[in-house]
Number of protein chains: 2
Amino acid sequence: MGVTIKDIAKSAGVSYSTVSKALRDSPLVKEPTKKRIIQIANQLGYQPNVAARSLVSKKSFTIGIVWPTIERAAHSALITSINKRLEHHGYTTLISINETRTAIDIFNRYRVDAILVFDDGPERYSSPSSVPIVTYGIAEDPLYPTVDVNRKKAIFYAVDYLCRLGHKKICYIGDLKKRDHLQKEKVEGFKQAVLDCKLETFSGQMIPVNGLEQYDGYVAAKDLLRSEVIPSAIVIGSHDLTRGILQAIHESELSVPEDISIISYDNIPEMNNLVIPFSTVGVPLETITKKLTEVLMDTINNKNKDKEMSRVIYLEPKLHISQSCRPIN
Amino acid sequence: MGVTIKDIAKSAGVSYSTVSKALRDSPLVKEPTKKRIIQIANQLGYQPNVAARSLVSKKSFTIGIVWPTIERAAHSALITSINKRLEHHGYTTLISINETRTAIDIFNRYRVDAILVFDDGPERYSSPSSVPIVTYGIAEDPLYPTVDVNRKKAIFYAVDYLCRLGHKKICYIGDLKKRDHLQKEKVEGFKQAVLDCKLETFSGQMIPVNGLEQYDGYVAAKDLLRSEVIPSAIVIGSHDLTRGILQAIHESELSVPEDISIISYDNIPEMNNLVIPFSTVGVPLETITKKLTEVLMDTINNKNKDKEMSRVIYLEPKLHISQSCRPIN
DNA sequence: AATAATAATAACAACGTTGTTATTTTATTT
DNA sequence: AAATAAAATAACAACGTTGTTATTATTATT
């Protein structure tokens with residue numbers, strides 16, 4: 001079974017409390033003894049028992065991530081980055097892919113120091129959690145501190161940018177369903193921009209997709225390109241759609257940005273494996289994870305009090321200009 | 001802070017040991033008292049402290065999954081299924097996406113009951129882990145009990161099947177690099193089958209890809225279709241490649257299976273969102289996760305002794321015949 | 001060399017559970 | 001109604017750790 005502090009004590013001929021102090025590098029134990037103890041610990045492959053430790057110290061130095069939507073590729077990049085950042089703060093990340101309610105219960109049983117919820121779902125989970133919760137991307141009347149991207153503004157910026165380049169006929173390809181809050185925001189941003197920029201509106205300006213995968217983008221774009229009036233620019237609501245849309249454009253023997261300008265919503269800085277470097281709007285992934293880590297640490301250290309606890313932090317999207325849009329004469 | 005058994009005891013006017021028994025549904029406590037205690041526990045939102053519990057009982061009812069390659073879509077389906085199965089056995093699944101060595105250490109500190117490693121990497125981690133380890137897909141001289149798919153056989157079956165349909169000119173598209181053990185197996189299966197079935201060999205019979213993504217398949221197939229001799233059938237080494245290959249075939253105005261037969265290696269039963277229902281070879285995902293769960297439970301309950309501990313279980317692939325292959329006259 | 005001050009180590013309680021043993025309450029027998 | 005058996009509950013030790021307090025060993029001061 002697992003090696004304990006007492007095994008080390010016996011082997012070193014000291015009391016177990018001395019071992020505890022030595023391993024935590026306390027100044028209360030003499031340097032040579034400390035060295036000897038540490039060496040024995042390594043030799044025996046000692047790993048401190050988290051259960052025992054967190055039982056007495058009421059700290060686990062662990063963050064639980066709730067991730068029921070495990071397939072979402074975008075989230076996996078976020079989680080990788082968060083994990084790295086938390087590691088630097090001395091925290092361990094543990095993930096549960098269970099349904100949100102269940103996962104929160106699990107982490108409560110483990111008494112982790114904080115829970116980070118990644119769940120796009122519209123479901124409300126009024127969770128009696130004694131462990132503090134932070135959420136990402138559920139800005140609609142959240143019960144907990146939330147970090148979110150201002151998606152409305154993002155798409156607004158995209159349209160505004162195209163407009164300043166002189167584009168008049170601009171389409172939006174994305175999820176138009178009312179259900180998904182995150183996608184709805186984007187649609188609103190588009191509508192607002194069309195209004196504010198005094199752009200032409202026309203039927204078929206907003207093209208729906210069935211899902212957010214490459215294939216869905218392909219289908220939607222095929223559809224669009226078959227119609228008689230082709231827009232001079234397209235705003236794409238979600239990352240994966242872009243590839244499919246490009247594919248469709250290529251098949252129509254059109255090229256980007258010569259024949260058509262394209263800009264996509266995206267947080268991930270990896271639109272590089274596409275044919276041309278792509279222009280995007282969105283909050284850089286590292287900005288998101290930096291803020292999330294910050295909020296988590298503040299929450300743990302009780303830096304935010306009372307009503308402040310349930311406030312939303314909207315991150316400001318950035319326009320990342322590359323080579324997929326061109327000015328119109 | 002968290003509600004403890006003592007809080008409940010106070011509120012119910014009984015001793016905390018009675019509460020413990022009541023919550024574990026022990027016959028040692030009278031039914032009405034039990035009911036009352038359980039009700040109070042729910043009311044207070046009590047969640048048992050895993051740390052305290054596993055400290056005394058030496059059981060955590062938790063399995064740690066090591067998953068450093070978080071992006072691998074195929075694994076996410078496996079993990080989802082495993083999670084569900086383990087839940088039925090009363091186990092909780094916790095995931096770490098840290099580098100394998102680190103993740104194993106973490107789970108050792110947590111004293112989970114077993115660790116399941118999903119790591120394709122060829123790296124050897126001679127880990128001094130006091131928690132038992134089970135691995136998936138690292139059959140090459142494994143240190144721990146391992147479940148693996150017989151990939152060599154899988155591809156063999158695919159070729160054999162095509163051969164029996166009368167195909168003579170069969171190509172393989174996949175990763176040909178020597179590095180990746182999993183991919184190498186498949187290549188060997190192909191070579192073996194070509195030999196055993198006395199098939200024609202020709203230059204350019206095995207087409208390499210750069211990665212295992214859809215795009216890589218597209219590029220490889222484009223290349224193939226540009227050459228003067230086009231095979232009558234293609235065996236595809238990995239799931240995601242398939243879409244790209246189909247794309248390329250369509251662009252060449254060929255159709256499947258009329259002009260060309262295609263069969264793909266795949267464990268996931270979801271080749272449905274393709275244009276036609278696809279023929280595949282591989283071990284069904286549920287078979288894999290069933291066996292993995294079995295091995296995990298056996299390992300925990302010490303059902304496998306001594307040298308048996310480090311044996312490999314090769315799962316037998318199944319041919320799943322659908323509509324992407326046709327017989328040749 | 002005896003005493004005080006300090007450094008190093010040991011002993012012990014506590015954390016929230018479970019499982020075992022001890023005590024009290026209730027039911028049964030005479 | 002007293003004695004006994006059975007049922008229900010309470011008390012206590014243990015798990016592996018940390019932090020506090022008590023003890024012992026060492027050094028400094030006279």
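Just so it is clear: chains get the letters A, B, ... in the order the sequence lines come, proteins before strands, and each one is counted from 1. Nothing here was measured: the structure is a model prediction, and the numbers come from that model.
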Q.
Considering every strand and a 4.0 Å limit on heavy-atom distances, what is the contact class for B:Thr4: base, sugar-phosphate, or nothing?
A. sugar-phosphate
Q) DNA chain D: B:Arg111 or B:Lys30, which has the more 5' nearest nucleotide? A) B:Lys30
(Q) Do the side chains of B:Asp105 and B:Arg101 get close enough for a salt bridge, i.e. N-O under 4.0 angstrom? (A) yes
Q | Atom pair distance, as rounded to whole Å: CG in B:Leu23 and P in C:dG19 | A | 13 Å
(Q) So, does A:Arg53 get its side chain near the phosphate of D:dG16, meaning an N or O under 4.0 Å from OP1 or OP2? (A) no
Q. Do the side-chain N or O atoms of A:Thr18 get closer than 4.0 angstrom to the phosphate oxygens (OP1, OP2) of C:dA10?
A. yes
(Q) OP1 or OP2 of C:dG16 versus the side-chain N and O atoms of A:Lys58: is any pair under 4.0 Å? (A) yes
Q | Protein-nucleotide distance (A:Lys6, atom NZ; D:dA14, atom C1'), rounded to Å | A | 9 Å
Q. Over how many whole Å does the gap from B:Asn49 atom CG to C:dA14 atom C1' extend?
A. 14 Å
Q) With nearest nucleotides of DNA chain D determined for A:Leu55 and B:Arg36 from heavy-atom distances, which residue corresponds to the more 5′ nucleotide? A) B:Arg36
Q.
Can you see if the side chain of A:Lys21 gets near the phosphate of D:dT17 - specifically, an N or O under 4.0 Å from OP1 or OP2?
A. no
Q.
Salt bridge or not between B:Lys34 and B:Glu31? Use side-chain N to carboxylate O under 4.0 Å.
A. yes
Q: Let me know the distance between OH of B:Tyr16 and P of C:dT20, rounded to the nearest Å.
A: 15 Å
Q: Compare side-chain N and O positions of A:Tyr110 against OP1 and OP2 of C:dG16 and report whether any pair is under 4.0 Å apart.
A: no
Q.
Can you tell me if B:Arg24 touches the phosphate of C:dG19, counting only side-chain N or O atoms and a distance under 4.0 Å to OP1 or OP2?
A. yes
Q: Using only heavy-atom distances, decide whether a donor-acceptor pair under 3.5 angstrom links the side-chain of B:Lys34 to the base of D:dT9.
A: no
Q | Note, B:Ile300 side chain near B:Lys59 side chain (heavy atom, < 4.5 Å) | A | yes
Q: Name the residue closer to the 5' end of DNA chain C, choosing between A:Ser57 and B:Ser17 according to the nucleotide with the nearest heavy atom.
A: A:Ser57
Q: Over 60° means perpendicular and under 30° means parallel, so classify the ring planes of A:Phe118 and A:Tyr136, tilted if in between.
A: tilted
Q) Taking a pair as Watson-Crick (N1 to N3 plus N6-O4 or O6-N4) or G-U wobble (N1-O2 and O6-N3), both under 3.5 Å, which stems of 3 or more consecutive pairs involve DNA chain D? A) C:1-30 with D:1-30
Q) Any side-chain heavy atom of B:Ile97 sitting closer than 4.5 Å to one from A:Thr93? A) no
Q) Heavy atoms under 4.0 Å, any strand shown: does B:Thr33 hit a base, just sugar-phosphate, or nothing? A) sugar-phosphate
(Q) Without decimals, in angstroms, what is the distance between A:Leu28 CG and D:dT18 P? (A) 14 Å
**Q.** Ring geometry between B:Trp67 and A:Trp67 (parallel below 30°, tilted from 30 to 60°, perpendicular above 60°)
**A.** parallel
Q.
Measuring to OP1 and OP2 of C:dT18, would you say a side-chain N or O of B:Ser20 lies under 4.0 angstrom away?
A. yes
Q: Send over the distance from B:Gln47 CD to C:dT17 P, rounded to a whole Å.
A: 11 Å
Q: Please state how far atom CD1 in A:Ile5 lies from atom C1' in C:dA10, giving the value in whole angstrom units.
A: 14 Å
(Q) If you go through the side-chain atoms of A:Ser15, does one of them form a donor-acceptor pair with the base of C:dA11 closer than 3.5 Å? (A) no
Q) When the distance from CD1 of A:Ile37 to C1' of D:dT17 is rounded to whole Å, what number comes out? A) 15 Å
Q) Do you know the tightest heavy-atom contact between B:Val112 and B:Thr62? A) CB-O, 3.5 Å
Q) Between A:Lys84 and A:Glu87, does at least one N-O distance fall below 4.0 Å, as a salt bridge requires? A) no
